[in-house]
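Atoms within each ligand, like the ligands themselves, are counted from 1 in listed order. Remember, predicted model here, so these are calculated numbers, not experimental data.
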Amino acid sequence: MRNHFSLVVWARLVSGQLHRLSSSIAIDEITTGAPLESFVSYSIEFSSFPDFAGTKASPNGFSSTLLNNLGYLQGSNPYIRVGGNTQDYAIYDANESLPLRGIFNTSRSSDYPTTITIGPTFFEAYNTWPKVKFSHGFNLGGNNDGRVLETLNQTVPLACKALSNGNLYAWEYGNEPDLFATSAQGPVRPANYNESDFVNEWLKGTRTIKDLLKESCPDLLGNDTYEYLAPSFAGTNNHLKAPLAWSDGLSTDGNIKYFSSHNYISGATSLGVTLQGTLMNHTRTKQSVDAHVTEYNAIKPGVPHIFGETNSLYNQGRPGLSNTFGAALWVVDFMLYSASVNIQRVHMHMGTNYRYQSWQPITTNSTSIGTKAPYYGNIAVAAFLGNLNVQPVRVANFDTGGGDHEAAYLSYVDGVLSRIMVINMNEYNYTLNGTGPGLNPAARPLRTYSFSVGNLTGEASVQRLYANGSDAITGVTWDGWSYNYELDAGRPVRLTNVTIGEKVPITDGIVEVGVADSSAVILSLLV
Ligand SMILES: *[C@@H]1O[C@H](CO)[C@@H](O)[C@H](O)[C@H]1NC(C)=O
Ligand SMILES: *[C@@H]1O[C@H](CO)[C@@H](O)[C@H](O)[C@H]1NC(C)=O
Ligand SMILES: *[C@@H]1O[C@H](CO)[C@@H](O)[C@H](O)[C@H]1NC(C)=O
Ligand SMILES: *[C@@H]1O[C@H](CO)[C@@H](O)[C@H](O)[C@H]1NC(C)=O
Ligand SMILES: *[C@@H]1O[C@H](CO)[C@@H](O)[C@H](O)[C@H]1NC(C)=O
Ligand SMILES: *[C@@H]1O[C@H](CO)[C@@H](O)[C@H](O)[C@H]1NC(C)=O
Ligand SMILES: *[C@@H]1O[C@H](CO)[C@@H](O)[C@H](O)[C@H]1NC(C)=O
Ligand SMILES: *[C@@H]1O[C@H](CO)[C@@H](O)[C@H](O)[C@H]1NC(C)=O
Ligand SMILES: *[C@@H]1O[C@H](CO)[C@@H](O)[C@H](O)[C@H]1NC(C)=O
Ligand SMILES: *[C@@H]1O[C@H](CO)[C@@H](O)[C@H](O)[C@H]1NC(C)=O
Ligand SMILES: *[C@@H]1O[C@H](CO)[C@@H](O)[C@H](O)[C@H]1NC(C)=O
Ligand SMILES: *[C@@H]1O[C@H](CO)[C@@H](O)[C@H](O)[C@H]1NC(C)=O
């Protein structure tokens, strides 16, 4: 990589005066991360996968379109991790005629079934979306069902055949085993279950998987195909600790190719959770992500660090928060902060009817099919990174001096600054004072951001992530594009009521852009 000294100066325009808040930073002085291909990826709840993917006879084309939109921007389609709590409930039944039959027990969860049988057609879903790679999650937790090892033996051949068309990303064995002894959905291991117990089970099970692959899918045993996401722990401070799992030998077989962590910022029903204080809060996001970086650095697993399952508020999100445009701004801050500290791929979790989902794949009693606000955050991140397969970037977080409610990110191509993302997370709730005749919201504050960009000249182009306010759950656009279902089933449609094609001059090495409260902007310099 060329070691260009790219000068970036942050300054804030206060009543016409340029106040420099920090002098300069250089690419070789700041921490940058290198996102992998398909950085914007998803995790789909195992029990919801048939809804998202559809069947061989009737693939879910809406989901496919939304994945392709991201592929167009970032150079390859999102990778899909199929897993979550329900992967550890799935029991195979060769006679099951449905892909998946789920029974709800609302005292365990009202969002997903907690008794699940899958049939042979479950695996068809892996061949519904072209150009998408998947990880399949095998059942380790077992749900206190004696058929779990038999299920492993029965499902490996089916999963591997379905994933033999260049569509395999990795395997996963068990979801959040650090909670097996303590799970709120019902413990599946004794209270004294420890890291050595987990490592023994994991090694035994993955060796069984390997033996079964030798028989059924020997082509998938190459170094670049036989891979696991692990340890898939829920957090850094639960009943099991990842550093102990590593020192107890989890990586003995050399098959863990991604150190996969899970993260949520807080919980859907946790006290004190607000949009401004919890999600539209860069300080909170940074703290949440940094704990994982500390853990990873302590282990030094020698493989990329990814978020294999993550989203805003655990327990599937809270309506009015996780499904708002403010949450889309959180998505941008969270994903790019993760990229800047070298978490190299981020799988945003979703399931049918979940409040934090990027899209709802089908219409149900509670939720209509549609593109949800967080998807627009995914789109803005993909656009900011660009085609990672053709032009890899490095990403840096940049302290704007704006406190909890602002964040900026720099993207470098070959060490040269190419794009700047500014996220203005100051809350603008447009329905706060009511809507309707005679009730007009107060003017939306606009903050001006100025950057010194060295000796660049000419113009920078401006693309905006926009909606009426942080509380909007619809009417979101990125650069004037809507991906809403009701317009063209998720294909991009350019709206006419949003400004596009903006350019700002670079004058004496300074570029300046106005960003409305509760919105984000991408400045592209090398145009
Ligand atoms: C599946 O159906 C066959 C034929 O009816 C039966 O013999 C077998 O026991 C069934 N298997 C299971 C797992 O129920
Ligand atoms: C539902 O879950 C609760 C809590 O785990 C359990 O006590 C109850 O027996 C379950 N009900 C059924 C019908 O399985
Ligand atoms: C699963 O298959 C392995 C061999 O691949 C065998 O040793 C084991 O007994 C089988 N387990 C069950 C429960 O069928
Ligand atoms: C886990 O518990 C077993 C006994 O059940 C013990 O032999 C082992 O040392 C423990 N491992 C750790 C890491 O505490
Ligand atoms: C497979 O990967 C391991 C560890 O990364 C390496 O030691 C080994 O040489 C590789 N084998 C082949 C056939 O590439
Ligand atoms: C943002 O998060 C930090 C860390 O949790 C917290 O100390 C701070 O009070 C939060 N800011 C607001 C405005 O709630
Ligand atoms: C949806 O609502 C209908 C009518 O109330 C009901 O019969 C059906 O069971 C519901 N479906 C689900 C999946 O809850
Ligand atoms: C926006 O304001 C309305 C009216 O006060 C309130 O009901 C709503 O919860 C607010 N939205 C958010 C996301 O804070
Ligand atoms: C709501 O009303 C308050 C009090 O008049 C005002 O300060 C605030 O700016 C208004 N906010 C919006 C979004 O209209
Ligand atoms: C601009 O700065 C870069 C890096 O310092 C340098 O390589 C380049 O030659 C400069 N270009 C001009 C036109 O001065
Ligand atoms: C956004 O505000 C405009 C008026 O400024 C209004 O016409 C439009 O319906 C609003 N959109 C939503 C989704 O509320
Ligand atoms: C633009 O129009 C769409 C519907 O056509 C609406 O949802 C959105 O709120 C409008 N945006 C603005 C900024 O008025």
For this session: Could you go through the salt bridge (charged side-chain N to carboxylate O under 4.0 Å, His left out) check for D248 and K241 one step at a time?
Result: CA-CA 11 Å; D248 277 351; K241 310 281 186 289; over 6 Å; no
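- H305 and Y296 have their aromatic ring centers within a separation under 6.0 angstrom.
- Taking every non-hydrogen atom of N153 and a distance limit under 4.0 Å, the qualifying atoms of ligand 3 come out as 1 (C), 2 (O), 3 (C), 8 (C), 10 (C), 11 (N), 12 (C), 14 (O).
- Ring centroids of Y337 and H282 are separated by less than 6.0 Å, placing the two rings close together.
- Within a 4.0 Å radius of atom 7 (O) of ligand 1, the protein contributes no heavy atom.
- Scanning all protein heavy atoms for the shortest distance to atom 5 (O) of ligand 3 gives L212 CD2, 3.8 Å.
- Any N or O atom pair closer than 3.5 Å counts here, and N281 shares at least one such pair with ligand 6.
- Every heavy atom of Q276 sits 4.0 Å or more from the atoms of ligand 6.
- The distance from ligand 6 to the heavy atoms of Q287 drops below 4.0 Å at these ligand atoms: 4 (C), 5 (O).
- Atom numbering of ligand 6 starts at 1 in the shown order; those under 4.0 Å from a heavy atom of R284 are 2 (O), 5 (O).
- Considering only heavy atoms from C-beta on, H349 comes within 4.5 Å of Y264 through its side chain.
- Ring centroid separation for the pair Y258 and Y169 comes in under the 6.0 Å cut-off.
- Numbered from 1 in the order shown, with element, the atoms of ligand 3 that lie under 4.0 Å from a heavy atom of E150 read 13 (C).
- The existence of a salt bridge linking R284 and D333 is excluded, since no basic side-chain nitrogen approaches an acidic carboxylate oxygen closer than 4.0 Å.
- Put simply, part of H405 is less than 4.0 Å from ligand 6, judged by heavy atoms.
- The distance from ligand 6 to the heavy atoms of D404 drops below 4.0 Å at these ligand atoms: 1 (C), 8 (C), 10 (C), 11 (N), 12 (C), 13 (C).
- Protein heavy atom at the shortest distance from atom 14 (O) of ligand 6 is G277 CA, 3.3 Å.
- Both cation-pi conditions hold for R108 and Y89: the charged atom is under 6.0 angstrom from the six-membered ring centre and inside a 45 degree cone around its axis.
- Between atom 2 (O) of ligand 1 and the options T117, N95, D93, the minimum heavy-atom separation is to N95.
- Salt-bridge formation is not detected for the pair D197/R189: no Lys NZ or Arg NE/NH1/NH2 atom is positioned less than 4.0 Å from an Asp or Glu carboxylate oxygen.
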